[in-house]
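Since the structure comes first, as structure tokens, the remarks are kept for the end.
Throughout, a chain's letter reflects where its sequence line sits, starting with A, and its residues are numbered from 1.
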Amino acid sequence: MPTLRIEPPSDYLLRRDACSYGYFLLEPNHWDPPTSTFSTSIDLGTVATTVQVTQPGGKGTPLKVRTDSKLDAPSKKALRLSLARMLRLDEPAEVVRAFHKVDPRFRKSGRGRLMRSASFFEDVLKTVTSCNVTWPGTVNMNAKLCRVLGRETASGRHAFPLAETIAKARPATLRARCSVGYRDARIVELAKIFARDRVDAAWFESPSTPSQEKFDALLEWPGIGPYAAANILQLLGCYERLPLDTESVRHGRDVLGFTGTGEQIMQRVHRHFEPFGEHGFRSYWFELWAHYELRKGPSHTWIRDTTGKSFTAAQLKPVDLAKDLAAIRANMNRRNA
DNA sequence: GGTAGACCTGGACGC
DNA sequence: GCGTCCAGGTCTACC
């Protein structure tokens with residue numbers, strides 16, 4: 001099996017930094033807890049490949065990347081870029097340290113990087129498939145999109161489909177075979193926008209582009225509202241705006257102890273994270289993530305088809321939340337102390 | 001500008 | 001097994 005070696009940032013820990021956002025549980029991604037192996041399938045344009053990523057030496061040591069097929073030089077380069085994007089290998093240790101200065105609660109665990117997709121397009125679609133649906137629905141949609149439209153690799157797995165492929169699909173096909181429901185036409189329209197080169201990905205990815213301009217541009221796309229745009233912004237590395245949803249209201253009410261209407265709680269959650277400034281979303285997300293881990297164990301132990309299908313608070317019964325509330329609050333207080 | 005209702009799927013629940 | 005209800009963010013029509 002062909003192997004690549006990638007030098008990560010000095011503080012990089014695969015099992016922590018790959019299992020840091022829900023997308024690690026969505027196809028085409030897979031985390032294998034017993035072997036601490038992250039695998040995914042990526043369509044590189046000329047070929048699709050399934051890769052297995054491990055870090056045998058532990059924190060800061062090289063990543064070992066095995067591919068299921070021999071790649072030529074341009075494909076290897078494309079693969080390295082995709083993995084760097086996905087695993088946030090382009091985010092140096094200093095950036096994470098800057099976050100820990102603002103929010104020392106996560107210095108000990110070292111949390112700071114949020115994994116994302118191999119491409120901007122996949123991030124946008126994953127966001128759309130997470131809107132107005134419960135988590136199992138998102139899992140299902142992504143699995144079917146890969147299986148129905150994604151290119152097959154030598155190992156028999158499927159990559160996330162390219163924009164060009166979805167752009168050619170009929171909305172009715174997506175609805176019938178991928179269970180995307182009313183999102184069908186919006187997803188095809190989004191794919192057409194990307195496929196016809198109407199997206200300047202470099203402009204969106206650039207830290208020098210004002211995030212407000214990115215936000216406004218995203219709102220112009222079909223299926224992208226304020227929540228989705230804010231979520232895509234954090235996936236682009238702009239953390240000052242919080243994509244708050246019903247999950248945030250639950251967190252505000254059940255963990256932070258806020259009271260009032262959903263709207264009032266959401267505003268209080270916004271204010272709560274304002275002091276973290278440009279790192280606001282990291283603070284918010286890792287606080288939420290810590291809550292999940294308190295209930296379900298460390299994220300690197302989650303199994304996609306069991307724990308991974310039920311990890312959001314929406315899946316937790318009120319009686320369970322009440323039972324654990326004291327422990328959760330005590331944990332947060334310890335961190336705040 | 002603000003608001004109500006439709007959109008669709010899958011899980012929970014009652015029978 | 002079947003029917004009903006509900007959760008979830010965006011879009012559109014209407015006031």
Side-chain angles (χ1 to χ4, degrees), chain A residues 21-23 25-27 117 121-149 166 169-194 214-236 241-255 260-267 269-270 281 284-285 288 291-292 295-296 303-323:
Chain A
Y21 194 63
Y23 290 3
L25 297 162
L26 296 179
E27 292 273 7
S117 304
F121 173 66
E122 188 179 336
D123 272 343
V124 171
L125 253 64
K126 278 191 159 48
T127 299
V128 169
T129 60
S130 70
C131 288
N132 199 30
V133 68
T134 52
W135 183 250
T138 304
V139 172
N140 194 27
M141 281 184 241
N142 278 275
K144 288 179 175 173
L145 280 170
C146 291
R147 215 170 301 148
V148 173
L149 295 169
I166 298 181
R170 289 187 308 137
T173 305
L174 288 187
R175 181 179 292 230
R177 299 185 64 197
C178 304
S179 306
V180 300
Y182 66 91
R183 300 166 193 80
D184 56 355
R186 295 173 192 174
I187 288 175
V188 172
E189 281 307 306
L190 278 169
K192 284 180 179 170
I193 291 171
F194 274 83
K214 295 181 195 178
F215 187 75
D216 293 340
L218 290 167
L219 287 178
E220 296 293 314
W221 293 352
I224 309 294
Y227 164 78
N231 192 59
I232 294 167
L233 272 191
Q234 70 83 7
L235 291 163
L236 287 166
R241 190 187 294 263
L242 303 186
L244 298 188
D245 56 7
T246 49
E247 193 77 358
S248 321
V249 173
R250 263 190 295 273
H251 184 72
R253 188 186 57 228
D254 299 331
V255 179
T261 64
E263 184 61 30
Q264 288 167 333
I265 291 174
M266 226 179 245
Q267 284 180 5
V269 173
H270 266 297
F281 180 77
Y284 160 74
W285 182 256
L288 203 69
H291 171 219
Y292 297 152
R295 294 190 44 78
K296 300 287 183 183
I303 296 166
R304 188 178 67 187
D305 295 332
T306 53
T307 318
K309 278 194 174 173
S310 64
F311 81 97
T312 64
Q315 305 298 316
L316 308 177
K317 291 176 183 165
V319 64
D320 294 331
L321 277 174
K323 191 179 160 190

State whether the side chain of A:Ser179 and the backbone N or O of A:Met141 hold a donor-acceptor pair below 3.5 Å, judged by distance alone. no

Once you round it to whole Å, what is the distance between P of C:dC11 and CD of A:Glu220? 11 Å

Near-strand residues of residues 227-236 of chain A, defined as heavy-atom separation under 4.0 angstrom from DNA chain C: A:Tyr227, A:Ala228

If the cut-off is 4.0 Å, is A:Thr246 near the phosphate of C:dG8, judged by side-chain N/O to OP1 or OP2? yes

Please output the side-chain donor-acceptor pairs of residues 181-188 of chain A that fall under 3.5 Å, not counting sequence neighbours, one pair per line with the distance.
unit_1, atom_1, unit_2, atom_2, d
A:Tyr182, OH, A:Asn132, ND2, 2.9
A:Arg183, NE, A:Cys131, O, 3.4
A:Arg183, NH1, A:Val180, O, 2.8
A:Arg183, NH2, A:Cys131, O, 3.0
A:Arg183, NH2, A:Asn132, O, 3.0
A:Asp184, OD2, A:Arg175, NE, 2.9
A:Asp184, OD2, A:Arg175, NH2, 3.2

Checking A:Asn140 side chain against A:Pro136 main chain: does a donor-acceptor pair fall under 3.5 Å? no

Enumerate the residue pairs fulfilling salt bridge (Lys or Arg N to Asp or Glu O under 4.0 Å) with a member in residues 130-139 of chain A, sequence neighbours excluded, ordered by first and then second residue. none

Backbone N or O of A:Ser248 within a donor-acceptor pair of the A:Asp245 side chain at under 3.5 Å? yes

Output for pair (A:Ile232 CD1, A:Leu125 CG), nearest 0.5 Å, gives 9.0 Å

Distance check needed: C:dG8 C1' versus A:Ile224 CD1, whole Å only. 15 Å

Please determine, by modelled atom types, if A:Gln234 and A:Tyr284 share a side-chain donor-acceptor pair under 3.5 angstrom. no

Identify each atom pair where a protein N or O and an N or O of nucleotides 3-5 of chain B are less than 3.5 Å apart, giving names and distance.
none

Whole angstrom value for the distance that separates P of C:dG9 from CG of A:Leu218: 18 Å

So, with a heavy-atom separation below 4.0 Å from DNA chain B, the residues of residues 172-188 of chain A are A:Arg175, A:Ser179, A:Gly181, A:Tyr182

I'd like a list of close polar pairs between nucleotides 12-15 of chain C and the protein, N/O only, cut-off under 3.5 Å.
none

Over how many whole Å does the gap from A:Glu263 atom CD to C:dG9 atom P extend? 13 Å

Length of the line joining A:Leu219:CG and C:dT10:C1', which is rounded to integer Å: 11 Å

Judged by each residue's nearest nucleotide on DNA chain B, which is more toward the 5′ side, A:Asn140 or A:Asn132? A:Asn132

Taking it one step at a time, do A:Leu149 and A:Thr173 satisfy side-chain contact (heavy atoms from CB on, under 4.5 Å)? CA-CA 10 Å; A:Leu149 295 169; A:Thr173 305; 5.6 Å; no

Student check: side-chain heavy atoms of A:Leu26 and A:Trp135 closer than 4.5 Å: yes

d(A:Leu190 CG, A:Ile166 CD1) to nearest 0.5 Å is 9.5 Å

Between CE of A:Met266 and CG of A:Leu242, what distance do you get to the nearest 0.5 Å? 10.5 Å

Check the side chains of A:Thr127 and A:Tyr23 for a donor-acceptor pair under 3.5 angstrom, ignoring hydrogens and angles. yes

How many angstroms lie between atom NE2 of A:His251 and atom OH of A:Tyr292, to the nearest 0.5 angstrom? 8.5 Å

